[in-house]
There are 2 protein chains.
Amino acid sequence: MAIPRAAKTLRRTRIQEEKEEQILEAALDVFSVSGFRGSTIDQIAEVAGMSKPNLLYYFRTKEAMHRALIDRVLFNWLEPLRAFDAEGNPESEIRSYIRRKLEMARDFPRESRLFANEMLQGAPHVLDMLKGPLKELVDEKAAVIRTWIKSGKIVRCDPYHLIFSIWSTTQHYADFDVQVRAVLGEEHSGDGRFEDAARFLEQLFIGGLRPD
Amino acid sequence: MAIPRAAKTLRRTRIQEEKEEQILEAALDVFSVSGFRGSTIDQIAEVAGMSKPNLLYYFRTKEAMHRALIDRVLFNWLEPLRAFDAEGNPESEIRSYIRRKLEMARDFPRESRLFANEMLQGAPHVLDMLKGPLKELVDEKAAVIRTWIKSGKIVRCDPYHLIFSIWSTTQHYADFDVQVRAVLGEEHSGDGRFEDAARFLEQLFIGGLRPD
DNA sequence: AGATAATTTGACCGATTGGTAAACATTACA
DNA sequence: TGTAATGTTTACCAATCGGTCAAATTATCT
């Protein structure tokens with residue numbers, strides 16, 4: 001007999017572990033391209049290589065799938081910002097934040113697009129997280145940046161917009177990948193692209209933040 | 001009797017002008033939030049205040065609606081880049097490009113999101129335009145930037161990534177508006193936000209591009 | 001005003017949507 | 001090994017999807 005869903009949270013079997021993993025992997029593929037509304041359970045089922053009712057055995061609704069995926073992805077996504085450290089010197093700290101964010105855009109573009117899709121739609125599923133945990137984390141890091149400004153290590157500027165500009169420039173290479181490829185042409189779309197972007201952005205931010 | 005659709009291109013009536021306008025306005029509302037796949041003709045019809053078959057009288061398919069909308073919006077969207085001029089001095093030219101792009105993000109956020117949605121989905125409807133006209137335009141402007149570098153007016157850097165970074169930082173305020181609002185808090189989300197962003201970005205790019 | 005062309009609508013179509021029910025198959029464990 | 005819990009599938013449902021059609025309405029022009 002089919003289990004009451006509650007049992008799953010009590011004890012997880014090997015199969016549950018594997019299948020949920022499989023499903024979320026497929027869901028990431030689909031949701032990151034078409035967004036929540038534009039994605040269908042059938043698409044996810046096909047990518048996952050499972051039947052639709054089988055998906056719905058593990059996640060009761062499309063919403064539940066999406067929520068589980070977002071929850072899973074969120075923590076890692078904020079890791080680079082968390083690593084942003086007040087102790088190090090501003091230049092190397094900003095340099096490595098840019099690097100890390102750029103690496104994530106390169107290595108986890110689907111995750112980046114999943115968020116971008118969510119933002120475009122008005123963040124219906126993560127608004128609380130934005131206003132709560134994210135805001136707090138950013139406030140904290142903005143305070144760090146302000147101490148750098150006060151001690152004259154970087155130029156006086158708005159720390160929030162600084163953070164936004166690092167987010168946007170780096171994530172751009174994941175979210176607008178097609179455009180970047182199209183404009184650079186296929187010849188410049190190899191490994192060199194990443195290094196070129198990193199070099200430019202480090203130059204821009206380090207130069208732009210150097211105290212007068 | 002219903003007209004053969006061809007007649008519409010021969011002579012446009014007042015009503016056609018108005019209704020097509022109404023429909024595209026509503027389509028922009030809907031497509032910019034949910035993307036092509038995630039949007040329905042019924043949604044657009046409701047926003048437009050017309051019946052679904054009435055929409056389909058003016059645009060035979062959902063695709064046709066979307067294509068007409070993109071075509072209409074594209075030209076204006078590239079205007080700031082076209083205005084980018086080799087004659088002016090780099091500093092004021094870059095400054096005003098940032099301004100213009102930021103103004104567009106503020107005044108036409110739906111248009112920005114329409115494109116962002118299209119990019120996230122792999123640009124299925126505009127890929128040719130990206131590889132053709134857009135690439136050519138960017139190549140042209142990249143050449144301008146290179147002359148600035150050669151004459152020592154700005155620091156040596158990759159002109160393509162410079163353009164990408166201006167695009168991404170400015171469009172961020174339209175595409176990720178929810179996130180920006182959430183992080184800044186509602187108190188900082190008034191008119192001041194725009195000026196703060198403009199000030200920061202000009203400082204960043206002018207400072208970051210100043211020759212050593 | 002009357003004829004004709006243009007516009008609008010309700011009723012409807014087959015395909016796809018998210019999701020369910022129940023029979024069937026497999027696994028884990030005593 | 002038996003059996004109960006877990007996992008999978010087929011068949012299905014009502015709602016919604018993009019789109020059609022013919023009838024009804026409105027605008028245009030002589």
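This structure is a prediction, so every number in the text was calculated from the model and none was measured. Chain letters run A, B, ... following the sequence lines, proteins first and then strands; every chain starts at 1.
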In whole angstrom, give the distance that lies between atom [atom1] of [X] and atom [atom2] of [N].
X: Asp42(A); N: dC17(D); atom1: CG; atom2: C1'; value: 13 Å
X: Ile41(A); N: dT17(C); atom1: CD1; atom2: C1'; value: 8 Å
X: Gln43(A); N: dC17(D); atom1: CD; atom2: C1'; value: 14 Å
X: Lys62(A); N: dT17(C); atom1: NZ; atom2: P; value: 9 Å
X: Phe59(B); N: dT7(C); atom1: CZ; atom2: P; value: 13 Å
X: Leu55(B); N: dT8(C); atom1: CG; atom2: P; value: 10 Å
X: Asn54(A); N: dA21(C); atom1: CG; atom2: P; value: 17 Å
X: Leu56(B); N: dC17(D); atom1: CG; atom2: P; value: 13 Å

Problem set entry | Closest nucleotide among dT8(D), dG18(C), dT7(C) to the Thr40(A) side chain | dG18(C)
Problem set entry | Distance flag, aromatic centroids of Trp167(B) and Tyr173(B), threshold under 6.0 Å |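 Aromatic pair excluded; centres sit 6.0 Å or further apart.
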Distances under 3.5 Å between protein N/O atoms and the N/O atoms of nucleotides 10-15 of chain D, please, pair by pair.
none

Problem set entry | Earlier contact from the 5' end, DNA chain C, for Met50(B) and Thr61(A) | Met50(B)
Exercise. How would you list, by chain and number, every residue that makes a ring pair (Phe, Tyr, Trp, His ring centres under 6.0 Å) with Phe36(A), sequence neighbours excluded?
Worked result: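 Per chain and number, Phe36(A) pairs via ring pair (Phe, Tyr, Trp, His ring centres under 6.0 Å) with Phe31(A), His66(A), His125(A).
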For this session: Measure the CZ-CD1 distance between Arg95(B) and Ile98(B) for me, rounded to the nearest 0.5 Å.
Result: 8.0 Å
Would you say a side-chain N or O of [X] is under 4.0 Å from OP1 or OP2 of [N]?
X: Tyr58(B); N: dA6(C); result: no
X: Gln16(A); N: dG7(D); result: yes
X: Arg37(A); N: dC17(D); result: yes

For this session: Kindly indicate, with the supporting measurements, whether the criterion side chain to side chain contact (heavy atoms under 4.5 Å, CB included) is fulfilled by Cys157(B) and Leu204(A).
Result: CA-CA 9 Å; Cys157(B) 70; Leu204(A) 176 69; over 6 Å; no
For this session: Write down the atom of Leu56(A), the atom of Arg60(A), and the distance for their closest heavy-atom approach.
Result: CD2-O, 3.4 Å
Exercise. Looking only at heavy atoms, what is the nearest atom pair of Ser34(B) and Gln121(A), with distance?
Worked result: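 Result for this residue pair: CA-CG, 4.4 Å.
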Exercise. How about Asp196(A) and Tyr160(B): does a side-chain donor come under 3.5 Å of a side-chain acceptor?
Worked result: no
